[in-house]
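This report concerns only the one structure given below.
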2 protein chains.
Amino acid sequence: MSDSVVLDPVDLEILRLLQNDARITYRDLAAQVGVAASTCLDRVNRLRRAGVILGHVLRLDPGKLGRGLQALLSVQVRPHRRELVGPFVERIRSLPEALTVFHLTGPDDYLVHVAVRDMADLQRLVLDAFTAHREVARVETRLIFQQWDCGPLLPPDARAASGTLTANHGGAAP
Amino acid sequence: MSDSVVLDPVDLEILRLLQNDARITYRDLAAQVGVAASTCLDRVNRLRRAGVILGHVLRLDPGKLGRGLQALLSVQVRPHRRELVGPFVERIRSLPEALTVFHLTGPDDYLVHVAVRDMADLQRLVLDAFTAHREVARVETRLIFQQWDCGPLLPPDARAASGTLTANHGGAAP
DNA sequence: CGTGAAACTTTCTGGTG
DNA sequence: CACCAGAAAGTTTCACG
């Protein structure tokens, strides 16, 4: 699983455009890439079958959903054994507040990205979902001032080769 | 900006379904929500105009794009002043390896999520894009074993109310 | 908010270099 | 084999009730 795939310049351009707007029509996509719509469709389907494209997701504004405060929680799970960490990860993943869970090298085993309503909600979450549990040895909370989602995750060659790199989403500079 | 918005159960169900698959047709969406396709379209357009839906993006497999190794870099920028941190963030954001940049509370000012080809590539990135620069006082690198993208970021009420919460994307438990 | 029809997109077929 | 043009099927979108 996850072998690298050969992507020609047309594939890269298609991926680049689809990352700017995944709802662009094949007609417009084809026009911008310089091939026929049916060819675009073939390419995209091939990229999907190859597992390069995993899916299409919505980007939502957490603030508008009543989750204006985000934080990163560093968590030590001790003892760090399969029978404890498996259930721990599943439990955290199923929290409505959890956005992403990372299993990391280093002294802090997990980093959990959460979005909550406010400080009181964050305190409740830390106390109830983390420190109340026996396997959680330590939690360190860092608040997120601001966050930037970066570029289109394409091979450097592609970006260098394809001249115009259009607007990344993400906030303005501080 | 970013005031909370009133979302009725239909809006929440639409968002929930669109998060599972942002390419579902309005016809199918309407059938599952139990309203007419045109009503779904109205709702989605309203959510877009309200800023709840920020956009549609592609989820790509970093491994298939030759970025099989991911890491989190904790960075101290000193002195932590606007004229230094602004350019720093812009420079990091424009790295093809950067996925997300967080500005945080706590001793480490920034956390940068990166995806690279391999260990040599990561070493090169840390040395060239971070420690080589005067404003970067300290970098701490943690590798990512595994990562899970969690639930649909909807108000807890919505998940509780709407019974079936379908498959989240993300890997299996360790 | 729903119906139905017009406009558009996606998708397939068959043919070409 | 990848590509394209055009036609068929399906989807989005709009005016109106």
Side-chain angles (χ1 to χ4, degrees), chain A residues 3-61 64-65 152 154-155 157-158 161-163 166, chain B residues 5-61 64-66 152 154-155 157-158 161-163 166 169:
Chain A
D3 296 275
S4 220
V5 174
V6 271
L7 300 171
D8 70 13
V10 173
D11 292 322
L12 291 171
E13 186 69 5
I14 287 173
L15 289 175
R16 201 176 63 73
L17 289 163
L18 280 176
Q19 288 220 1
N20 283 332
D21 173 14
R23 262 176 68 96
I24 189 176
T25 66
Y26 287 111
R27 192 174 139 278
D28 293 351
L29 189 59
Q32 291 190 58
V33 173
V35 295
S38 53
T39 304
C40 265
L41 178 70
D42 286 350
R43 295 291 192 125
V44 171
N45 282 337
R46 192 146 38 77
L47 290 168
R48 246 194 282 273
R49 261 181 275 110
V52 176
I53 296 174
L54 294 172
H56 294 74
V57 292
L58 229 47
R59 226 159 46 85
L60 299 180
D61 183 333
K64 304 270 180 179
L65 293 166
L154 290 178
D157 322 335
S162 65
T166 45
Chain B
V5 173
V6 272
L7 299 171
D8 70 12
V10 173
D11 291 322
L12 291 170
E13 186 70 6
I14 286 173
L15 289 175
R16 201 176 64 73
L17 289 163
L18 280 176
Q19 287 219 2
N20 284 331
D21 174 13
R23 262 177 67 96
I24 188 175
T25 65
Y26 287 110
R27 191 173 140 278
D28 292 351
L29 188 60
Q32 291 189 55
V33 175
V35 295
S38 57
T39 304
C40 265
L41 177 70
D42 287 350
R43 295 291 192 124
V44 170
N45 281 337
R46 191 152 44 75
L47 290 169
R48 245 193 284 272
R49 263 181 275 112
V52 176
I53 296 173
L54 295 172
H56 294 74
V57 291
L58 227 48
R59 228 159 45 83
L60 299 179
D61 183 335
K64 304 269 180 182
L65 294 165
L154 290 178
D157 322 335
S162 66
T166 44
H169 42 261

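Bear in mind that the values here come from a model prediction, so they are computed numbers and not experimental data. Residue numbers begin at 1 in each chain, while the letters A, B, ... track the order of the sequences.
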**Request:** Could you tell me the separation between the CG atom of B:L41 and the C1' atom of D:dT11, rounded to a whole number of Å?
**Result:**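 After rounding, the gap between these two atoms is 11 Å.
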**Message:** What is the distance, to the nearest angstrom, from the CG atom on A:D8 to the P atom on D:dC1?
**Reply:**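 So the two atoms are 16 Å apart, to the nearest Å.
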Roughly how far apart are [X] [atom1] and [Y] [atom2], rounded to 0.5 Å?
X: B:R48; Y: B:L54; atom1: CZ; atom2: CG; value: 11.0 Å
X: B:L7; Y: B:R46; atom1: CG; atom2: CZ; value: 8.5 Å
X: A:E13; Y: A:L18; atom1: CD; atom2: CG; value: 10.5 Å

Only distances under 3.5 Å count here; give the side-chain donor-acceptor pairs of residues 29-43 of chain B to other protein atoms, sequence neighbours excluded, each with its distance to 0.1 Å.
residue : atom : partner : partner atom : Å
B:R43   : NH1  : B:D8    : OD1          : 2.9
B:R43   : NH1  : B:D8    : OD2          : 2.9
B:R43   : NH1  : B:D11   : OD1          : 2.9
B:R43   : NH1  : B:D11   : OD2          : 3.3
B:R43   : NH2  : B:D8    : OD2          : 3.1

**Item:** Overall bend - the helix from C:dC1-D:dG17 to C:dG17-D:dC1, comparing terminal axes fitted on five pairs, nearest 10 degrees
**Value:**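 That helix gives 30° between its end axes.
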**Request:** Sort and list the pairs that fulfil salt bridge (Lys or Arg N to Asp or Glu O under 4.0 Å) and have at least one residue in residues 19-33 of chain A, not counting sequence neighbours.
**Result:**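 For residues 19-33 of chain A: none.
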**Message:** Looking at every heavy atom in both A:Q19 and B:V57, which two are closest together, and how far apart are they?
**Reply:**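 Looking at all heavy atoms of both residues, the closest pair is O-CG1, 4.2 Å.
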**Prompt:** Quick one: which of B:N45, B:I14, B:L15 gives a side-chain contact (heavy atoms from CB on, under 4.5 Å) with B:I53?
**Reply:**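 Single side-chain contact (heavy atoms from CB on, under 4.5 Å) partner of B:I53 among B:N45, B:I14, B:L15: B:L15.
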**Item:** B:L47 vs B:V5 side-chain heavy atoms within contact, under 4.5 Å
**Value:**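 In short, these two side chains do not touch, never coming nearer than 4.5 Å.
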**Asked** Under a criterion of less than 4.0 angstrom to any heavy atom of chain B, what are the 5'-terminal and 3'-terminal contacting nucleotides of DNA chain C?
**Response**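 First-to-last contact on DNA chain C, by the 4.0 Å heavy-atom rule, is C:dC1 to C:dT3.
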**Asked** Among residues 21-37 of chain B, which residues get a heavy atom nearer than 4.0 Å to DNA chain C?
**Response**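 When residues 21-37 of chain B is checked for heavy atoms under 4.0 Å from DNA chain C, the hits, listed by number, are B:V35, B:A36.
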**Asked** Between D:dA2 and A:R43, is there an OP1 or OP2 to side-chain N/O distance shorter than 4.0 Å?
**Response**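 Answer is no, no contact under 4.0 Å.
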**Asked** Taking the side chain of B:S38 as its heavy atoms from C-beta onward, which of D:dC14, D:dC3, D:dG6 lies nearest to it?
**Response**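 Selected nucleotide: D:dC14.
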